[in-house]
Every structure is written in C-alpha cells, then in structure tokens.
Amino acid sequence: MPGRSDRIKKGLERVPHRALLYATGIPKGEMKKPFIGVATSFTDLIPGHIGMRDLERFIEKGVHTGGGYPMFFGLPGICDGIAMGHRGMHYSLPSRELIADLVESVAEAHALDGLVLLTNCDKITPGMLMAAGRLNIPSIVVTAGPMMTGRYKGMRTSFIRNTFEAMGRFRSGEISKEELSACESGACPGAGSCQGLYTANTMACLTEAMGMSLPWCGTALANSADKRRIAFDSGERIVGLVKKNVTPRKIMTRAAFENAIRVDMALGGSSNTVLHLLAIAHEAGVKLPLELFDELSKVTPHITSLEPVGPYYMEDLHWAGGIGAVMQRLKDSIRDNPTVSGKRVKALLDEPRFIDDDVIVPLNKAYHAEGGIAVLKGNIAPLGAVVKQSGVSEKMMYFKGTARVFDSEEAAMKAILGRTIKAGEVLVIRYEGPRGGPGMREMLAPTATLMGMGMGDSVALITDGRFSGGTRGPCVGHISPEAAEGGPIAFIKDGDTIELDIHGRRLDLNVEAGEIERRKKGWKPPQPKIKSGWLSRYAKAVTSANTGAVLE
C-alpha cells in the first residue's frame, strides 16, 4: 500500500521535493521509510511542557527502532494558570482550534504518514485529538505527565489549594504573609501538569481511556522512567499503526467516547472535558449529544476523591493502578474497542493489576452513586449547563438565592475581594461565553477565592463562561445559549430569585411566565469586547458551549 509521503518523494516530478528533503540532512536510505511527524508543544512557558525535550529524544529513538523516520514540528501552548485573570485567558480556549488547524496544516502540506502527538496541558491535548480525528491518519498521543506534589511543614501542597485558595485564606486572615509566600514558591515543585484532577490531567486520563495513548500514559509522572519508556514505545508503535493503517476514527468510535465519559464520571474530572469531548467527537464524525454525559453520569458511581475535591493526587492514582484500574472497576459497563496498543480494551482489562482500594474504592463503597458531572436545564439554560457535582457539598445541591449580576469576571472579582458578597446570593457572571468573552474564560479566581473565604456553602455562582478543573463548590458553567446570543442569562436582574437543584437537574429564574421574553424586547447584542486580532474573527465563527464551542 503506498504511503502518504510517496506524494512528495516518489516519481520524476518529485526531484525538487527530494532535493529539499535531502537539504534537511535525511540519509538516502531513510527515504523509503514512513515519515512520522512528531508534533511537540515543548515550551519554556508551561511547567507541564518544560520536560518534553527529554521525551522527544525517547520518541525519536522509538520511531527509528520501529523503522520510521521522525520529523519534529512545534505547536504553541498556553498555561491556563498563567493566562488566568487577565486578557490572556481570552486566548486559552480559542488556542485549541489553532492547534488543531496547525497540526492539519503541517501534516497535509508535508504528506506525513503518521503522527506522534506530544502534549500535556488543557487545550493542547484536545486540540491535538481534534486534529487526529479530522485528519484520520495513524496517530498516537503521548501526554507528558503530572507534576509531583510539593511539601510544606510535613504537608503535601498543590497548585489550586495552595495558591488560588490561599489568596482567600490570606484575605480572611487565616494564614500569614510568610505562609502565603511559602505557598507561592513551593506549591509547584517542578515539571508536569498541575497535580490534581484538573483539566490537563483529566484529558490525559480520558485520552488513555479512549485508547489513543498507551496504557499508563495518562498517569505516569513527568520526568519518570515510566514516562520515558512510554514515549519510546509510542514512537515505535506509531510505525506499526502506519503499516497496518490503523487510523484514529477506527479507535475514536462512539464506544470509545462512552468509555471516556464513564471514566470521567468515575474520576470526578474537570467540567471542561464536556467541551473537549464534544469537540473531538465532532471532528471524528461521532454524534455525541450533551445529554449523554448526564445519562452516563446517573449510572456511573464516583469512585475516586482527588484534588481539588479530595485528599489524593495524580501520583496516588498512578500507584493505585492508574486508568486501567478505574476501568477494571467499571468493567461490566466498559465497551470493547480497539486501542493504539494493538490490544482491544477488554483484553487490557483482563490483565492482572494491583488496585489500591483506598484511592480507587470498590463500586459498593463509592463516594457518590452518580458520576462527577451533571447537566442542568431550565429557563436560564434551555440548551444546558454543566456542574461538577462531585465538588458540591450535599448542603448546596439545592440552593435558592438572590441574584447579584456582573457583566464580566473582573467586576465579580472586585465585589468578592471588596467583601460585598453576602451569604444567600447567587453570583451571575455573564457575557463570558465563547462568543461574548470572547473565548469563554475560566472562572477559577472567583470560585477559589470564595472557597478560600469560607463561602462555599453559602454562595453559588453561575456563568456562561467555564471553570477550571480546579474549581469546587456550587458553580454552574457552560450556560447555553450564552448572554451574547440573547440567552436568558442576559435578562437576569439584581434581586431576582434563582433556584439551583442539582439532583433535579434544574436551573431556573423564578419569575412569572413570559417575564423573560418581556425583558428581551429591545435588547441588543453588546459591542464586542475585543474588536481586532484573530479573536474578533473567532467570536464571529464560534458556536455555543452545548456543541463544544467548535468553529462553524
């Protein structure tokens, strides 16, 4: 079977192409081998990516060992933690689309036979998976691994709890300036994606659960020998996938997405995974309705308690048996499917594996009978909204409060830090959706500060924006349609009564019938917040959160 790269290296008319390829230093004997693109998001800007130079070496060795010729190209990366709370966060979610487009551009322009996708953080992993689904050429994902926890006075420290929530604790006088400084310098001790079950690590776990990375890849720690070996094996394996023409759409089937959603629910992962799985499925040609997340959540128990909700971290999940152990717990409901390893899912689950019952509890000892995410609907969110219910206390699963409305994250943050927020209120942060933001910024600073100030059981927050994987508490995001599209959230007023019922899957504004439509009369879309650059174009093309915020 001819390879894709034959179009640039075979035939008389390809003399100029071969001349340019030889200019790169490729030996003549290597020209007959499959050309493997290694898309790397190495950067000095992101802790999760600073260790990738080492993994690149091992991928390269693996590709050569497998009989391919590796060719590296770079992709941009944005650290959500560093981008958060200022103009930079507008670029985070949109960068997912850029990454997918760049992988497509390079792979098609250079006729690559296969791809190794070296990634780690929040939007980079889904962007690469979107490209894999769109291109449908043999691909394998290597996630660079989670960070180890820090240490402070005998206690383990981590990014969210010991930085964002520390701000609220310092503001409340609970910790000293010296302790705050120790949090800054010690919460993130080195390379890797942030230590808890935030978006980056959740997506790494779900990539493994879908079968797009090798076993243990989702949890193997950054800078570990395990991760080096996985990188090598992935480089070797991609050549086999090319030779057998095992393409992503043969792996990323409806069954694979259902498995990923079940694992997500069992872990209690980031609510951002809803956006990303919807977008990846869209590119892979799989119909994945938002309602499926709720259907599977209702029948999938929550069996781990990782940071930011519980006491455990990614390092604990790895040593407890990893994603394979979670899937073994769910074995009766996991669907069989191919994986990039060459083994089918059921065969992998039949392999013996140690499971730490304290970290990955048996089904009959589940933390919650339902999974980590719930999809809500109601007159505020007729097309849906998402809440990480595993991070909400039972006391706040039902909450009726008075609306405090803000048209930006900055305005809400000013009120929180100014101590004008009172118990019994529902903060409404709107015009922060995919179009209105633009870019659907994460609201980690407001949510974490509220938790740090001890208001997690007395105040709720709803938004057409989204939340970090580190968010916990009664925080509802992805409200669709968004305010910028004339969604009902645009017509909430200060003093309105909002009713949140997570068990009942409802989010409602308690007003008379027809009141929302009356308020809508005369409403005009606000002027775009960003009027130049590529974000202005993004805002015109992006769809609602309930469809994954993909581009039309």
Side-chain angles (χ1 to χ4, degrees), residues 39-59 74-86 88-89 91-93 95-96 99 117-128 141-152 156-167 180-205 207 213 217-228 230-231 269-270 272 306-308 313-318 442 444-445 448 468-471:
T40 173
S41 52
F42 166 79
T43 173
D44 288 328
L45 293 167
I46 309 176
H49 295 238
I50 59 174
M52 287 184 176
R53 283 288 180 251
D54 184 56
L55 296 179
E56 289 171 4
R57 292 176 57 234
F58 281 83
I59 291 170
L75 296 172
I78 289 175
C79 176
D80 280 24
I82 296 173
M84 199 167 294
H86 60 93
M89 182 47 76
Y91 289 88
S92 175
L93 182 60
S95 73
R96 184 188 73 180
I99 289 161
L117 304 169
L118 178 58
T119 174
N120 213 22
C121 286
D122 297 35
K123 310 308 166 302
I124 304 151
T125 298
M128 290 198 185
V141 178
V142 179
T143 47
M147 183 189 297
M148 288 287 291
T149 53
R151 292 293 188 275
Y152 178 69
R156 291 200 286 182
T157 59
S158 67
F159 176 55
I160 301 298
R161 193 160 289 178
N162 296 100
T163 58
F164 280 92
E165 291 187 15
M167 292 190 298
L180 185 67
S181 177
C183 288
E184 286 183 21
S185 59
C188 300
S193 48
C194 302
Q195 305 100 326
L197 197 61
Y198 315 136
T199 305
N201 287 326
T202 308
M203 283 308 306
C205 292
T207 302
S213 59
C217 189
T219 58
L221 297 169
N223 291 337
S224 67
D226 281 341
K227 186 62 77 175
R228 281 181 158 193
I230 289 168
S270 165
N272 282 317
L306 274 64
E307 165 78 11
Y313 297 87
M314 289 302 297
E315 60 204 65
D316 301 309
L317 179 62
H318 182 67
E442 288 185 345
L444 178 57
S468 161
T471 292

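If you read the sequence from its start, that first residue is 1, and numbering goes on from there. On a predicted model such as this, the values are computed, not experimentally measured, just so you know.
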Chemist: Quick one, Leu306 and Tyr313 - any side-chain contact, counting heavy atoms below 4.5 Å?
Modeler: no
Chemist: Taking the side chain as every heavy atom from C-beta outward, state whether Pro189 and Gln195 have any atom pair closer than 4.5 Å.
Modeler: yes
Chemist: With rounding to the nearest 0.5 Å, note down the distance linking CG in Leu317 to CD in Glu307.
Modeler: 13.5 Å
Chemist: Checking side-chain hydrogen bond (donor to acceptor under 3.5 Å, both in side chains) between Thr119 and each of Thr143, Thr40, Thr125, which is the one that passes?
Modeler: Thr125
Chemist: Quick one, Arg228 and Arg57 - any side-chain contact, counting heavy atoms below 4.5 Å?
Modeler: yes
Chemist: Looking at CD1 of Ile50 and CD1 of Ile46, how far apart are the two atoms once the value is rounded to the nearest 0.5 Å?
Modeler: 10.5 Å
Chemist: Provide the closest heavy-atom pair for Cys121 versus Gly48 in the form atom of the first, atom of the second, distance.
Modeler: SG-CA, 4.1 Å
Chemist: Under 3.5 Å, is there a donor-acceptor pair linking the side chains of Ser270 and Thr199?
Modeler: yes
Chemist: How many angstroms lie between atom CG of Leu117 and atom CD1 of Ile99, to the nearest 0.5 angstrom?
Modeler: 11.0 Å
Chemist: To the closest 0.5 Å, what do you measure between SG (Cys79) and NE2 (His49)?
Modeler: 8.5 Å
Chemist: Report yes or no: is the cationic atom of Arg53 (NZ for Lys, CZ for Arg) closer than 6.0 Å to the six-membered ring centre of Phe42, at no more than 45° off its axis?
Modeler: yes
Chemist: For the CE atom of Met314 and the CE atom of Met147, what is their distance to the nearest 0.5 Å?
Modeler: 12.5 Å
Chemist: Distance from Leu75 atom CG to Ser41 atom OG, nearest 0.5 Å?
Modeler: 6.5 Å
Chemist: Answer whether the closest heavy-atom distance between the side chains of Leu93 and Lys123 falls below 4.5 Å.
Modeler: yes
Chemist: side-chain hydrogen bond (donor to acceptor under 3.5 Å, both in side chains), that's the test. Do Ser158 and Arg156 meet it? Break it down for me.
Modeler: CA-CA 7 Å; Ser158 67; Arg156 291 200 286 182; over 6 Å; no
Chemist: Between Asp122 and Arg96, is there a salt bridge with N-O shorter than 4.0 Å?
Modeler: no
Chemist: Return a table of donor-acceptor pairs under 3.5 angstrom between the side chains of residues 217-225 and protein atoms on other chains or two or more places apart.
Modeler:
from	atom 1	to	atom 2	distance (Å)
Thr219	OG1	His318	ND1	2.8
Ser224	OG	Leu221	O	2.6
Ser224	OG	Lys227	N	3.1

